[in-house]
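FYI, side chains are in, hydrogens and waters are out, and symmetry mates aren't considered; it's all heavy atoms of this structure. A, B, ... follow the sequence lines: proteins, then strands. Residue 1 opens every chain.
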Amino acid sequence: MKVRTRFAPSPTGYMHIGNLRTALYEYLIAKAAGGDFLLRIEDTDQKRYVEGATDIIYNTLKTVGMNWDEGPDIGGNYGPYVQSERKPVYAEYAHKLVELGGAHYCFCSKEEAEDGKEEENNIKFQDPCKFLSKEEAKARVDAGEPFVVRQTIHKKGKSKYHDEVYGDIEIDYDELDEGVLLKSDGFPTYNFANVVDDHLMGITHVVRGNEYVSSTPKYNLIYEDFGWEHPLYVHVPPVMKDAQHKLSKRNGDASFQDLVAKGYLPEAIINYIALLGWNPGTEQEIFSLEELKQIFSVDRLNRSPAIFDSVKLTWMNGCYLRALTPEQFHARALPFYKDIPAGIDLEALSRALQPRIETLGQIAGQTDFIKQLPDYSLELFTNKKMKTDSAVARQTLAEARKVLAGQQNWSNEALFESLKSLAETMGVKNGQVLYPVRIALSGKETTPGGATELAVLFGQEETLRRIDIALQKLS
RNA sequence: GGUCCCAUCGUCUAAUGGUUAGGACACCACCCUUUCACGGUGGUAAUAUGGGUUCGAAUCCCGUUGGGAUCACCA
């Protein structure tokens, strides 16, 4: 049978990292088996619907290259793929389930249901409507009385199912509550829509967060009552912010689009989250989506939660940045160049930046000295390893200024040769000339490139101007 | 609280009864070097805890502790 998985987000806003990872696993499970990956929008809660949220979902999936085979925008043989458009389907199946004995009509108000349970004594809501005769219930429904369809847990003893990650799960039927399947507004709850849609759409592997492990027996009961076969379950542990808290947008944690805005590459993000809770069994860590499709398997999925480590993501992003060709890097960097004065060779700047940054967002901090020389302290001229201090700098900078003023060939190599021979004639170390020049040009301790690279970037005029400023400060 | 689940370096993880408990990030040191990086080499660092089973346990079993999930007309 062809493997079919689905990503079924509800359009409530941002694409969370945990969500994206679930989608990735769903995608990989399908693609590793040559199967289909579908997209279904679960918008049965009208109160939570956020305008534009579906576009974020589409865009994110497209950006990372997780293309779906069926979905709201491209259709398919099992549509519609938006739950709000499937309302009649759920109603039909809900009534059918009542007839089959797997559910019953309930006329209690929300408040009555709330009052009916006692949390301290762990007493669940006992629905009086459950004992109504079928005829009476039907009559009240037909009379137009508001109702919900509530699941009937009609079994006793232990329910068992197998999870691909957690193994065999056993839960007593008594623990299961008789949840609402069809709301009074006619929309289904997740508990029902999910089962109906997954069955109707031929989903073979249900992949979702492990918060569903204990409610899965309820869904299985629905499958059973309909006489359907239930899918394979792949419950995955959550992605955590720290040991106690899940990663969530509500806590201000970064979403996918936040990370992209900070200068993380989509392919690096995907690579990183693939490894949060899954490993290939080898020591390889860098994987393209294509490679993941080849080697992904559910049996290497982990059972315990994984803490999202942005430091490691940053490192991995740096790996991706360095693996780019200079042209590719430049193209990616371009949107992050803000406040760079005209006349600066951006391609040269990109070449200098590529090995030095781990996220494109670091560009701003690396290049801020270009537009304006910061007001730096003379202490910067002191560097033990380079054997320089303000006194050395005053001498070498004065001589360097003369050399640079007369310099014809303003290329990196020529400049380096000139300054190197200056150091020789002065009888000082290379660094004693070059280090002060670099400080004079940047006013910063760390810069994207050495003295001559910065000089090339600035050109002769600006280089001399900045050295003059330094000499003035030093005098 | 009931039920379910989880537990290896700070973090992500490998080791499915026999390893000096391996790798990666981070950190530290050294090398390279016109800064800072990149790169290279090396180092610090873990089986939560108590009992079993076994010739032998990170691995199997039980208890303890710690953590998470769930108990919505949200998904």
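- Picking from B:C74, B:C12, B:C6 the nucleotide with the shortest atom distance to the side chain of A:L276 gives B:C12.
- Listed candidates were B:C5, B:U3, B:A26. Nearest to the side chain of A:I171 is B:U3.
- A:K218 has its NZ atom 9 Å from the C1' atom of B:U70, to the nearest Å.
- The base of B:U35 sits with one of its N or O atoms less than 3.5 Å from a complementary donor or acceptor on the side chain of A:T447.
- Remark: A:E42 engages A:R40 in a salt bridge, criterion side-chain N to carboxylate O under 4.0 Å.
- The residue A:G281 sits apart from the nucleic acid: no heavy atom pair falls under 4.0 Å.
- Side chain A:K312 to base B:A26: no donor-acceptor pair is found below 3.5 Å.
- Checked against B:C25, B:U35, B:C74, the side chain of A:T189 finds its nearest nucleotide in B:C74.
- Using modelled atom types, one finds no donor on one side chain facing an acceptor on the other under 3.5 Å when comparing A:S350 with A:R332.
- One can find a donor-acceptor pair under 3.5 Å joining the base of B:U35 and the side-chain atoms of A:R356.
- Glycosidic conformation, B:C32: anti, with the torsion outside 90° of 0.
- The residues A:K246 and A:E211 are annotated as salt-bridged, a charged nitrogen and a carboxylate oxygen being separated by less than 4.0 angstrom.
- Closest contact between the side chain of A:A451 and the listed nucleotides B:U13, B:A75, B:U34 involves B:U34.
- Out of B:A15, B:C5, B:C38, the shortest distance to the side chain of A:R300 is found at B:A15.
- In this structure, A:K47 reaches the sugar-phosphate backbone alone: every heavy-atom distance under 4.0 Å involves primed, P, OP1 or OP2 atoms, never a base.
- Looking at every heavy atom in both residues, A:L313 comes nearest to A:A268 through CD2-O, 4.1 Å.
- Heavy atoms of A:K385 sit under 4.0 angstrom from at least one base atom.
- Side-chain atoms of A:I307 lie closest to B:C12 of the nucleotides B:C74, B:U13, B:C12.
- A:Y212 and A:N194 are not linked by any side-chain donor-acceptor pair at a separation below 3.5 angstrom, with hydrogens and angles left out of the test.
- Nearest nucleotide to the side chain of A:N279, out of B:A24, B:A75, B:A14: B:A14.
- Side-chain atoms of A:S215 and base atoms of B:U70 include no donor and acceptor less than 3.5 Å apart.
- Side-chain atoms of A:S214 lie closest to B:U70 of the nucleotides B:U70, B:U35, B:C25.
- For A:R322, counting side-chain heavy atoms from C-beta on, the closest listed nucleotide (B:C74, B:C38, B:C6) is B:C38.
- In this structure, the aromatic ring of A:Y435 is not positioned over the six-membered ring of the base of B:U35 within 5.5 Å between centres and 30° between planes.
- For A:P305, counting side-chain heavy atoms from C-beta on, the closest listed nucleotide (B:U34, B:C6, B:U13) is B:C6.
- When heavy atoms are screened at a 4.0 angstrom cut-off, A:N302 is found touching the sugar-phosphate backbone but no base atom.
- Salt-bridge formation is detected for the pair A:E285/A:K312: a Lys NZ or Arg NE/NH1/NH2 atom is positioned less than 4.0 Å from an Asp or Glu carboxylate oxygen.
- Judged by distance alone, with hydrogens and angles left aside, A:Y212 brings no side-chain donor or acceptor close enough to the base of B:A69 to form a pair under 3.5 Å.
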